[in-house]
Number of protein chains: 2
Amino acid sequence: MDDESIYELDALATRVTINKGEYLFEEEDPTRYVYNLQVGMGYLERLSSDGRRQIMAFLYPGDFIGLIPDSIVSVSAKALSPLTACRWEMKDIDKLMEKHHELEHRIRRIGNRVLATTMDQLFILGCKNARERLAFFLLQMEKRQKMATGETKSIHLPMTRGDIADYLGVTVETVSRVFTIIKEEGLIALPDPYEVIILQREELENIAEYYSVT
Amino acid sequence: MDDESIYELDALATRVTINKGEYLFEEEDPTRYVYNLQVGMGYLERLSSDGRRQIMAFLYPGDFIGLIPDSIVSVSAKALSPLTACRWEMKDIDKLMEKHHELEHRIRRIGNRVLATTMDQLFILGCKNARERLAFFLLQMEKRQKMATGETKSIHLPMTRGDIADYLGVTVETVSRVFTIIKEEGLIALPDPYEVIILQREELENIAEYYSVT
DNA sequence: CGCGTATTTGATCTATCTCAAAGGCCGTGG
DNA sequence: CCACGGCCTTTGAGATAGATCAAATACGCG
């Protein structure tokens, strides 16, 4: 992106900070902001009226959130850890896009990538069993962590088993059981519930049918 | 969109026609085209190596397909009926977007809408049971048919029960059974397997948690 | 130190899948 | 024009992956 538009973006940005468990924005919220996550992690969720929940995405540093107007999607963004983000008014971004078309192009490409990821997830939920889902999840988190932080030794999972369950469309107990199973099969090591080390990547990739670009 | 870019788009378009059951493009296919469906219907599918299938979307006249480069998503587009579409080279569209920025804006908005729809589907697959899924499906098809053709009396379903099953992440038998159940509950009428009349919209909407903008 | 929350594991239940078979529709070819 | 084959839908019966319910254990925080 050219220097000028970066400079202008920077000038318009506000910094927001929230605690673990708090919302960056909520479903009903009519405000229209765009965020760029800088520090910490979170997730996008949608709730059904009877309390069921779908986690649509986990959020890593660098992720843009809110690029889709809430008039057409309804999700909330919640922090998994203390979280800081840059925030812009949607209308400012709109204006800036009109001026610097390169910005709209960038935003479109980000949107395309989000769509591709969402389709991967759809495929998983539509076709795969619990074991395949968890394998997919672990490889995806490994890849995203690598992108965001460069860390590859172990996968740190800041979310609970319940969050993983609601991301994969299964129950907590199932997630827990499958973790135990694939640990005992020697596919992963689990130093503690929030730390995963992949021992047999290839086997996991075959299970998940998900091949990260290594 | 301004007249000039429509004119240029038109000049660059090729018309393609395929028969029912044929592919507009396939997963491995390295060609990069953008299509606008004009007549007929189809669907986007992804296959897993062991033959499972997820239908990612049903395609109605007016839909744009292929706006996301296949380098990041892998899907095939198949015809449910004889089908004609306009086709452009992706590179031509890219060039035209650079010249007429309004075009890129339009394309971004189309992409946003696709993402919103995909997220709705994700929510359904992650949280809902078979009955809720079918209710969602029927309301969605009704809405899309209305958008595409204006027809609202009955919903015409050109896809098989198997296609619906692979869209909703259940089996053919389950789809068939749920059709029978909601018919006997008086929620819908089924003059024939491919024709649905909604008798109790409100009840269906409550089941699906899907409220079409009427 | 004690409470609340999260994980894990066990036992049972059930929605959906799987397997099987009958019936209907349509296009083809004799 | 009719018979046949293939494909699709529907329905039944039985199997099962994962859900639900329950309880023990571990962990972190005030």
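In what follows, chains are A, B, ... by sequence order, proteins preceding strands, each numbered from 1.
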Trainee: By the side-chain hydrogen bond (donor to acceptor under 3.5 Å, both in side chains) test, which pairs, at least two apart or in different chains, include something from residues 130-140 of chain A?
Mentor: A/Arg131-A/Glu185, A/Glu132-B/Arg52, A/Gln140-A/Tyr167
Trainee: Can you name the residues that form a side chain to side chain contact (heavy atoms under 4.5 Å, CB included) with A/Gln38, not counting sequence neighbours?
Mentor: A/Arg15, A/Asn36, A/Thr84, A/Cys86
Trainee: Quick one: which of B/Ile110, B/Leu37, B/Val114, B/Ile107 gives a side chain to side chain contact (heavy atoms under 4.5 Å, CB included) with B/Phe64?
Mentor: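 Checked B/Ile110, B/Leu37, B/Val114, B/Ile107 against B/Phe64; only one passes side chain to side chain contact (heavy atoms under 4.5 Å, CB included): B/Ile110.
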Trainee: Specify the angle, to 10°, made by the local axes at the two ends of the helix from C/dC1-D/dG30 to C/dG30-D/dC1 when five pairs are taken at each end.
Mentor: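 The helix from C/dC1-D/dG30 to C/dG30-D/dC1 shows an end-to-end axis angle of 40°.
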Trainee: With sequence neighbours left out, what residues match B/Arg46 under salt bridge (Lys or Arg N to Asp or Glu O under 4.0 Å)?
Mentor: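 B/Arg46 satisfies salt bridge (Lys or Arg N to Asp or Glu O under 4.0 Å) with A/Asp120 only.
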Trainee: Work out which heavy atom in B/Val34 is nearest to a heavy atom in B/Ile93; give both atom names and the distance.
Mentor: CG2-CG1, 4.2 Å
Trainee: Strictly under 3.5 Å: I want the nitrogen or oxygen pairs between protein and nucleotides 21-27 of chain C, one per line.
Mentor:
none

Trainee: Under the salt bridge (Lys or Arg N to Asp or Glu O under 4.0 Å) rule, what do A/Glu104 and B/Arg108 come out as? Steps first, then yes or no, please.
Mentor: CA-CA 8 Å; A/Glu104 178 146 40; B/Arg108 186 167 67 85; 2.7 Å; yes
Trainee: Tell me whether B/Gln54 contacts the main-chain N or O of B/Asp166 through its side chain, where contact means a donor paired with an acceptor under 3.5 Å.
Mentor: yes
Trainee: Under 3.5 Å, is there a donor-acceptor pair between the side chain of A/Gln145 and the main chain of A/Glu151?
Mentor: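 Yes: the side chain of A/Gln145 pairs with the backbone of A/Glu151.
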Trainee: Mind checking what makes ring-ring contact (aromatic ring centres under 6.0 Å, His included) contact with B/Phe25, not counting sequence neighbours?
Mentor: B/Tyr35
Trainee: Any donor and acceptor pair, going by atom type alone, linking the side chain of B/Glu195 with main-chain N or O of B/Ile197 inside 3.5 Å?
Mentor: no
Trainee: Counting C-beta onward and ignoring hydrogens, is there a side-chain heavy-atom pair between B/Thr174 and B/Leu168 closer than 4.5 Å?
Mentor: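 Of all side-chain heavy-atom pairs linking B/Leu168 with B/Thr174, none is under 4.5 Å.
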Trainee: With sequence neighbours excluded, what pairs up with B/Glu203 under the side chain to side chain contact (heavy atoms under 4.5 Å, CB included) test?
Mentor: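 Only B/Leu187, B/Gln200, B/Asn206, B/Ile207 meet the side chain to side chain contact (heavy atoms under 4.5 Å, CB included) criterion with B/Glu203.
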Trainee: Sequence neighbours left out, what passes salt bridge (Lys or Arg N to Asp or Glu O under 4.0 Å) with B/Arg177? Give chain and number order.
Mentor: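 Expected list: none.
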Trainee: Under the rule for side chain to side chain contact (heavy atoms under 4.5 Å, CB included), what residues qualify as partners of B/Asp163, not counting sequence neighbours?
Mentor: B/Tyr43, B/Arg53, B/Ile55, B/Phe58, B/Leu80, B/Met159, B/Thr160
Trainee: Between which nucleotides of DNA chain D, 5' to 3', does chain B make heavy-atom contacts below 4.0 Å?
Mentor: D/dC8 to D/dA13
Trainee: Under a 4.5 Å cut-off applied to non-hydrogen side-chain atoms, are A/Glu209 and A/Phe136 in contact?
Mentor: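 Contact flag for A/Glu209/A/Phe136 side chains = no.
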Trainee: How does protein contact run along nucleotides 3-20 of chain C, one letter per nucleotide 5' to 3', with B for base contact, S for sugar-phosphate only, - for none, heavy atoms under 4.0 Å?
Mentor: ---SSBBBB----SSBB-
Trainee: Would you jot down, in residue-number order, the residues of residues 41-60 of chain A having a non-hydrogen atom under 4.0 Å from DNA chain C?
Mentor: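 Contacts with DNA chain C under 4.0 Å: none.
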